[in-house]
Engineer: 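What follows is a structure written as structure tokens; I'll ask about it next.
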Amino acid sequence: MATPQEILNLIDSKYELIDLKFTDMPGTWQHLTVHKSQISESSFTEGVPFDGSSIRGWKAINESDMVMVPDPNTAWEDPFMKEPTLSLICTIKDPRTGELYDRCPRSIATRAIEYLKATGIGDTAYFGPEAEFFVFDDVRYDQNQKSGYYYIDSIEGVWNSGREEEGGNLGYKIRGKEGYFPVAPTDTLQDLRTEMLLTMAKCGVPIEKHHHEVATAGQCELGFRFGTLVQAADWLMTYKYCVKNVARKHGKVATFMPKPVFNDNGSGMHTHQSIWKDGQPLFWGDGYANLSQIALWYIGGILKHAPALLAFTNPTTNSYKRLVPGFEAPVNLAYSQGNRSASVRIPLTGPNPKAKRLEFRCPDATSNPYLAFAAMLCAGIDGIKNQIDPGSPLDVDIYDLSPEELAKIPSTPGSLMAALENLQKDHSFLTAGGVFSEDFILNWIQYKLDTEVIPMSLRPHPYEFALYFDA
């Protein structure tokens, strides 16, 4: 735990510039770089002022003054800036009230932990996200009144097996669904991922591993250790920042878009989670898969509220192009030990109570991690408070079930619109304890409708020309 004075001493010894980063409502980092003369001990309590009127989903122009409060525990030197620059992650406050701003995602995540403590259920929530992404060599897209298209390419793409390439096509293209764990020369991204991982470590993220993922065309995953809710969200934002900037440094581009490649696996963000109290894990017990009753109720809350929860964990129209059968995507709301076709999986952890956790497999990394983790925790708390029975586990391959058996299993929403409709009807579990405000929920729904759902519904799709142009 760093103190403000320790950070000020560090600044005085090395840094002229301090980069203040914060997350906007949809989940993108924004930043302001200030000279060290603008940072004092009071900055860590009273904050640094800025104009919030141009931040997506935030204040109107007539109430635009806001302050960002840096967290001294998030300090690291930004590896992508020419001049030595100290990075600090901030939470947003309303200077009029001095309170955490109720539309600031990091503030919402902080309130989720306060709510957990207030219930007496636990005092710590651990989260471990596994965010997948694609690395491409070329990306082009456009949308206007008379045309719309996208184009992606990767030297690894199976579609390039017959392409004439400079110096000769050497083959070694990754066939669809065969990208998991191949060695070089088939895996062309080993050194790139290593640099991403080690750069992330320099930014304070506790790293674990990296590997190629299932899809053709450069699908990858880096692994980092679990952390407390806010900490894990901070690390995920750092993860995405490092991945994108290292890729750009090498003339490539990385995207966390869930389904950029048709007819192959999409990118998810399987999210491990557990609750602890007084230093002891609460999910270990003598029930199914060594789960405690509290853990089973937590699962019950996740499954019950999943149709609404996905409005935060899978918040884009593209998210639902991943959540389709046949691509290892968890479209059925069930839980199981070790079964990756269930939306909630109980990892096999052996006889270690501290490792006992559950994995919610629906989310993807277009989600705002502060909102997604807070929403998952709220759903789990609701399950515990109301003792929601998750039903019986499903220890078979869900995709091998008959249509009659499959019809009995609830499924995820088929679109962002459906998830938003479910959120409209079911969000009291989010506003309990004041974690999410009613204003935030309604603002989120309207923002998503106005900027994504409705604009998408108004535009012709290229495939519609293939289907209907000769009608």
Side-chain angles (χ1 to χ4, degrees), residues 23-27 52 55-60 63 66 91-94 96-125 127 228-230 233 271 273 275 294 297-315 333 360 362-363 367-388 412-413 416-450 453:
T23 305
D24 66 11
M25 193 178 73
I55 304 301
R56 297 179 294 176
W58 280 11
K59 289 290 191 181
E63 49 179 6
M66 307 187 79
T91 304
I92 307 305
K93 277 188 178 181
D94 188 326
R96 300 158 192 79
T97 65
E99 300 294 325
L100 296 177
Y101 180 40
D102 68 357
R103 290 189 184 180
C104 167
R106 202 169 189 266
S107 298
I108 290 171
T110 300
R111 289 197 295 271
I113 294 302
E114 293 172 351
Y115 173 47
L116 173 64
K117 294 176 180 177
T119 64
I121 294 169
D123 53 38
T124 307
F127 281 78
T228 58
L229 190 153
V230 175
T271 305
Q273 50 207 280
I275 295 177
I294 282 178
W297 287 333
Y298 188 104
I299 293 170
I302 292 284
L303 294 178
K304 176 184 177 181
H305 297 298
L309 197 56
L310 264 64
F312 288 111
T313 63
N314 302 75
L333 298 175
F360 187 42
C362 291
S367 62
N368 183 321
Y370 301 99
L371 303 180
F373 298 169
M376 283 184 263
L377 180 60
C378 286
I381 290 173
D382 188 68
I384 296 169
K385 287 172 60 178
N386 294 292
Q387 299 185 5
I388 298 173
T412 57
L416 177 58
M417 183 67 194
L420 293 171
E421 289 172 345
N422 279 291
L423 179 62
Q424 179 80 53
K425 295 182 292 186
D426 176 26
H427 60 256
S428 60
F429 72 99
L430 297 170
T431 55
V435 178
F436 290 77
S437 67
E438 189 78 18
D439 168 75
F440 184 90
I441 299 290
L442 297 179
N443 183 54
W444 178 265
I445 292 171
Q446 197 61 52
Y447 178 86
K448 287 290 174 177
L449 289 173
D450 291 345
V453 175

Engineer: Just so I know, are the side chains of Thr124 and Ile113 near enough to count as touching, which here means a heavy-atom distance under 4.5 Å?
Structural biologist: no

Engineer: Taking the side chain as everything from C-beta on, heavy atoms only, tell me whether Met66 gets closer than 4.5 Å to Ile55.
Structural biologist: no

Engineer: Going by side-chain hydrogen bond (donor to acceptor under 3.5 Å, both in side chains), name the pairs with one or both residues in residues 104-123, residues two or more places apart or in two chains.
Structural biologist: Asp71-Arg106, Thr91-Arg106, Arg106-Asp234, Tyr115-Lys385

Engineer: Please name the pair of heavy atoms, one in Phe127 and one in Thr271, separated by the smallest distance, quoted to 0.1 Å.
Structural biologist: CD2-CG2, 3.7 Å

Engineer: Would you check, one step at a time, whether the test side chain to side chain contact (heavy atoms under 4.5 Å, CB included) holds for Leu377 with Leu229?
Structural biologist: CA-CA 9 Å; Leu377 180 60; Leu229 190 153; 3.8 Å; yes

Engineer: Can you sort out the partners of Phe436 under ring-ring contact (aromatic ring centres under 6.0 Å, His included), two or more places apart, ordered by chain and number?
Structural biologist: Phe312, Phe440

Engineer: Decide side chain to side chain contact (heavy atoms under 4.5 Å, CB included) for Ile275 and Ile384; before the verdict, give the C-alpha distance in whole Å, the side-chain angles of both, and the deciding distance to 0.1 Å.
Structural biologist: CA-CA 11 Å; Ile275 295 177; Ile384 296 169; 4.1 Å; yes

Engineer: Please check this pair: side chain of Trp444 against backbone of Ala311, looking for a donor-acceptor N/O pair closer than 3.5 Å.
Structural biologist: yes

Engineer: Name all residues meeting the side chain to side chain donor-acceptor pair (under 3.5 Å) criterion together with Gln446; count only those two or more places apart in sequence or in a different chain, and write none if there are none.
Structural biologist: Asp450

Engineer: With rounding to the nearest 0.5 Å, note down the distance linking CD1 in Ile108 to CG in Asp102.
Structural biologist: 7.0 Å

Engineer: Closest heavy-atom contact between Asn443 and Gly57?
Structural biologist: ND2-O, 3.1 Å

Engineer: Working to the nearest 0.5 angstrom, can you tell me the gap between Asn386 CG and Ile381 CD1?
Structural biologist: 11.5 Å

Engineer: Can you name the side-chain contact (heavy atoms from CB on, under 4.5 Å) partners of Glu421, sequence neighbours left out?
Structural biologist: Met417

Engineer: Rounded to the nearest 0.5 Å, what separation is found between the OH atom of Tyr447 and the CG atom of Leu420?
Structural biologist: 12.5 Å

Engineer: Are any of the side-chain heavy atoms of Asn314 and Cys362 separated by less than 4.5 Å?
Structural biologist: yes

Engineer: Between Pro315 and Ser367, what is the shortest heavy-atom contact and its length?
Structural biologist: CG-CA, 3.6 Å

Engineer: Can you measure from CD (Gln273) to CZ (Phe360) and round to the nearest 0.5 angstrom?
Structural biologist: 8.0 Å

Engineer: Can you name the salt bridge (charged side-chain N to carboxylate O under 4.0 Å, His left out) partners of Lys448, sequence neighbours left out?
Structural biologist: Glu452

Engineer: Nearest 0.5 Å, what's the OG1-CG distance between Thr412 and Leu309?
Structural biologist: 12.0 Å

Engineer: For Asn422, give me all partners under side-chain contact (heavy atoms from CB on, under 4.5 Å), at least two apart in sequence or on another chain.
Structural biologist: Pro307, Ala308, Pro413, Lys425

Engineer: Please enumerate all residues that pass ring-ring contact (aromatic ring centres under 6.0 Å, His included) together with Tyr370, with sequence neighbours excluded.
Structural biologist: none

Engineer: Please collect all salt bridge (Lys or Arg N to Asp or Glu O under 4.0 Å) contacts where either partner lies in residues 431-446, sequence neighbours excluded, each pair once.
Structural biologist: Arg103-Asp439

Engineer: For Lys304, give me all partners under side-chain contact (heavy atoms from CB on, under 4.5 Å), at least two apart in sequence or on another chain.
Structural biologist: Ile388

Engineer: When you compare the side chain of Thr313 with that of Met376, does any pair of heavy atoms fall below 4.5 Å?
Structural biologist: yes

Engineer: So how far is it from Asp382 CG to Phe429 CZ, rounded to the nearest 0.5 Å?
Structural biologist: 7.5 Å

Engineer: My understanding is that only residues two or more places apart in sequence, or in another chain, count here; which of them pass salt bridge (charged side-chain N to carboxylate O under 4.0 Å, His left out) with Asp24?
Structural biologist: Arg56

Engineer: ring-ring contact (aromatic ring centres under 6.0 Å, His included) with His427: which residues, sequence neighbours excluded?
Structural biologist: none

Engineer: Could you pull out all residues at least two apart from Asn368 that satisfy side chain to side chain donor-acceptor pair (under 3.5 Å)?
Structural biologist: none

Engineer: Kindly indicate whether the side chain of Leu116, heavy atoms from C-beta on, has any atom under 4.5 Å from the side chain of Ile121.
Structural biologist: yes

